[in-house]
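This report refers to the structure that appears directly beneath it.
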Amino acid sequence: MFIDIRDRTGLTQAVFDQEDCDSEVMELARSLRREDVVQITGGVEPRAGGTNPKLDTGEIEVRGTALTVFSRSNNPPILPDDNEAAKMAEEVRLRHRYIDLRRPTMQRTLQMRHDLMALTREYFYNLGFLEIETPLLIKSTPEGARDFVVPSRIYPGKWYALPQSPQIFKQILMIAGCDRYIQICKCLRDEDPRADRQAEFTQIDLELSFVDRDEVIKIMTGFIRRVFKQLLDLDLGQIPKVPWQLAIDKWGVDRPDMRFELHLQDISEVAAKTDFKVFQSALAKDRGVVKAIRIPNSAKALTRKVLDQLQDTAKLHGAGGLPWTKVTEDGFEGGIAKFIDCIAEELSAALGVEPGDTILMSCDEWLTACESLGQVRLHAARHLELIDTTAWKALWVVDFPMFKWNADKQRWLAEHHPFTAPIPEDIDKLESDPGSVVSAGYDMVLNGSEIGGGSIRIHDSEVQNTVFRVLGLEEEDMRVKFGFLLDALSQGAPPHGGVAFGLDRLVMLLMCTDNIRDVIAFPKTQSGADLMTEAPGPIDQEQLNELQIHCVEQVAAE
RNA sequence: GGGGCGGUAGCUCAAUUGGUUAGAGUCCCGGCCUGUCGAGCCGGUGGUUGCGGGUUCGAGUCCCGUCCGCCUCGCCA
């Protein structure tokens, strides 16, 4: 009579034999069913009937002499089995989360998440950081994501917001003389979730006084290297700083995946020598460029169908199309070959092509051309399996532009957030030429995923006012919404800066999953529902009355 | 808010041009066997085909609406 017993550390076999225990125990053991909760008393011994190499505990077994049944389980709707779970609809796993979490992988993930949090606190506490909590019920601030909102009972018609991040509070803590702050905190943004994004997520949030960009980067580099060394026994090595402009130029994204090559190259000069209208009209644009990537030995793999899919990718990201050609012994063939034959030699030399290569191109205004081809680069690499999945490539992206122009709203938006400082030499240009101002922000990127970012903040209320003005916030509006911050800044504010790391995404990387729900004990679905508790749910009329909230439209169902 | 894919037994799936009583594996229950560990053999329970309409002699299948899940664009300072 064999029984697999499982706890959070793993699986062990127990055996009940008439030679070891009386018939009552035998009978009770025989009555055991899946997921019953038991206590087994007995000796640990080498297995009598041969070992099982597939189990960590395959060489031993517990020979039961006594048995207590703490609790019986109904027949479980799903099994806590990693292989089963891989095939199962995620919906049913989320509905029965208490069973799904029993799976070995889930237990390991929860352990990993805990280890990361413990390590984080230890690392920063040792550097003199203070863990300080900030409020959950706060004032709604403009800009940024949509706020989750909580009605006030005491002030009918007024609302709290839940924090999108503790940003302003941690800056105020610096002004309050707290020097070094850390918090592992929940952040809430009422935006549609994604595979790697939840409305409710966890941040490793910190802020330091009297630092410059490179000091923050140094501390965080030490942190992330420690994380991977301690949790995965992996040395990330030196972490290079890449200016934003170079990142876009070379990889076509502000979070480059450096685990594979396929760099974007600028072929504007050569392309200008053709009569190809598509190139010519792109080059005629302000900052118009022609970019190309060379994909070695891909002529066969990149079939017409695949190229069409890549073209869809390019179009989705703003390009008009995806000019391409293949390289043969006899020159270019297919795609736009006939338009660029005239520059075949020059272009081949510039790109260093060889027969069997495919050349993919984009042409447009610089940012669009780079970004669309950057996405093509990613998709092509995935399709051709060029990504070294055992590699770990981290970098810092620095020198972001301070603002980006939003054509729809016809105004400047903060690239990072409105409290980010410009680099000192660009302060004069804030109002005269906002588009050229470089910010003191920094993002850490690991394997093409942004895992953290931050900036040196503005610690001068005049500069802060100027930035608000550039962002088109009215003077009066500023007073109402950020008056307390401006007041604080004018009461002696130290230079300060900080960073926030996405805890969930870090655990995703550590556990090698691309599903954020796998690293959160009780996650929500893509429509923000908790399938286990069925939140969000209705509330009593009495509660509504108390809050003086009247629902205009009753929900039809029920 | 837009696009794509999906929803049939507890779970994973099948079901011909619309056609008999919606099947299989697994799980579960019972029996036999058994130092088993992906056990084996025999038998059994289990279904409002997500929901609501419509077309039809007849709908899992076709049409309309709706709900839910996943991926994705917008969005995510």
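In what follows, chains are A, B, ... by sequence order, proteins preceding strands, each numbered from 1. Scope of the values below: all heavy atoms of this structure, side chains included, with no hydrogens, waters or symmetry mates.
A distance of about 14 Å separates the C1' atoms of G10(B) and C29(B), rounded to the whole Å. Distance noted for atom C1' between G38(B) and U34(B): 16 Å (whole Å). Taking the P atom of each, G30(B) and C71(B) are spaced 40 Å apart, rounded to whole Å. Here, G65(B) and A24(B) have their C1' atoms 34 Å apart, quoted to the whole Å. Here the separation of G58(B) from G18(B), taken at their P atoms, is 16 Å to the nearest Å. On the C1' atoms, C68(B) is 30 Å away from U16(B), given to the nearest whole Å. C41(B) and C33(B): their C1' atoms are spaced 8 Å apart (whole Å). The same atom, C1', is picked in G44(B) and in G3(B); the two are 47 Å apart, to the nearest Å.
Donor-acceptor pairing under 3.5 Å, judged by distance alone, is absent between the side chain of Arg33(A) and the base of C27(B). Residue side chain Arg197(A) reaches the base of C76(B) through a donor-acceptor N/O pair under 3.5 Å, judged by distance alone. Side-chain atoms of Asn83(A) stay outside donor-acceptor range of the base of G38(B), with no qualifying N/O pair under 3.5 Å. Below the 3.5 angstrom threshold, one finds a donor paired with an acceptor across the side chain of Arg63(A) and the base of G35(B). The base of G74(B) lies close enough to the side chain of Arg194(A) for a donor and an acceptor atom to sit less than 3.5 Å apart. Remark: the Gln13(A) side chain and the U36(B) base include a donor-acceptor N/O pair separated by less than 3.5 Å.
Residue His496(A) is tested with Gln171(A), His459(A), Arg457(A) for a side chain to side chain donor-acceptor pair (under 3.5 Å); the sole match is Gln171(A).
Taking atom CG on Asn75(A) and atom C1' on C28(B), their separation rounds to 5 Å, with Å as the unit. The CZ atom of Phe16(A) sits 21 Å away from the P atom of U34(B) (whole-angstrom rounding). In this entry the distance linking CD of Gln198(A) with P of G69(B) reads 12 Å, nearest Å. Between His379(A) atom NE2 and U72(B) atom P there is a gap of 9 Å when expressed in whole angstrom units. Regarding Asp17(A), its CG atom lies at a distance of 10 Å from the P atom of G35(B), rounded to whole Å. For Lys87(A) and G7(B), the NZ to C1' distance is 19 Å, given to the nearest whole Å. When rounded to the nearest whole Å, the span between CD of Glu191(A) and P of G1(B) equals 13 Å. One can place CG of Leu531(A) at 18 Å from P of G50(B), the figure rounded to the nearest angstrom.
Pair assignment for C5(B): G69(B), on the basis of Watson-Crick or G-U wobble contacts that are both within less than 3.5 Å. Here U12(B) sits opposite A24(B) as a Watson-Crick or G-U wobble pair (both hydrogen-bonding atom distances under 3.5 Å).
Where Phe419(A) and Ile78(A) meet RNA chain B, the nucleotide closest to each residue was compared, and Ile78(A) sits on the side nearer the 5' end. In this structure, Asp514(A) and Pro418(A) both approach RNA chain B, and ranking their closest nucleotides by distance from the 5' end singles out Asp514(A).
If you check G35(B), G69(B), C76(B) against the side chain of Arg189(A), the one that comes closest is C76(B). You'll find that the side chain of Met88(A) is closest to C11(B), out of C71(B), C11(B), G69(B). For Arg47(A), the listed nucleotide lying nearest its side chain is C37(B); candidates were C37(B), C27(B), U12(B). The side chain of Phe2(A) lies closest to U36(B) when the candidates are U36(B), U12(B), C76(B).
For the 3.5 Å distance criterion, the side chains of Thr9(A) and Asp7(A) qualify, holding a donor opposite an acceptor. In the model, Thr134(A) has a side-chain atom that pairs as donor or acceptor with a side-chain atom of Gln183(A) under 3.5 Å. Counting only N and O atoms by type, the side chains of Gln13(A) and Asn52(A) include no donor and acceptor under 3.5 Å apart.
Nucleic acid contact for Ser527(A): sugar-phosphate only, since backbone atoms but no base atoms lie under 4.0 Å from a heavy atom of the residue. At the heavy-atom level, Arg34(A) lies under 4.0 Å from the strands shown only through sugar-phosphate atoms. Asn52(A) comes within 4.0 angstrom of a nucleotide base, judged by non-hydrogen atoms across all strands. Backbone-only engagement by Arg517(A) is indicated by non-hydrogen atom pairs under 4.0 Å involving sugar-phosphate atoms exclusively. Within 4.0 Å (heavy atoms only), Ala529(A) reaches sugar-phosphate atoms of the nucleic acid but no base atom. Glu90(A) comes within 4.0 angstrom of sugar-phosphate atoms only, judged by non-hydrogen atoms across all strands, and of no base. In this structure, Ala48(A) reaches the bases: a heavy-atom distance under 4.0 Å links it to at least one base atom across the strands shown. Base contact: Gly50(A) has a heavy atom under 4.0 Å from a base atom. Nucleic acid contact class of Gln167(A) (heavy atoms, under 4.0 Å, all strands): base.
Heavy atoms of other residues, nucleotides or ligands lying less than 6.0 angstrom from CZ of Phe148(A) number more than 12. By the neighbour-count criterion of 12 heavy atoms within 6.0 Å, atom CD of Glu431(A) is densely surrounded, having more than that number from other residues, nucleotides or ligands.
Residues Ile217(A) and Lys241(A) are in side-chain contact: their nearest non-hydrogen atoms beyond the backbone lie under 4.5 Å apart.
Considering only side-chain N and O atoms, Lys54(A) lies under 4.0 angstrom from the phosphate OP1 or OP2 of G38(B). Residue Gln526(A) places at least one side-chain N or O under 4.0 Å from the OP1 or OP2 atom of C71(B).
A salt bridge links Glu61(A) and Arg63(A); the closest N-O separation between the charged side-chain nitrogens and carboxylate oxygens is under 4.0 Å.
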>> Under the criterion salt bridge (Lys or Arg N to Asp or Glu O under 4.0 Å), I'd like the reasoning laid out for Lys481(A) against Asp477(A): C-alpha separation, chi angles, the key distance, then a yes or no.
In response: CA-CA 6 Å; Lys481(A) 285 164 179 158; Asp477(A) 235 26; 3.1 Å; yes
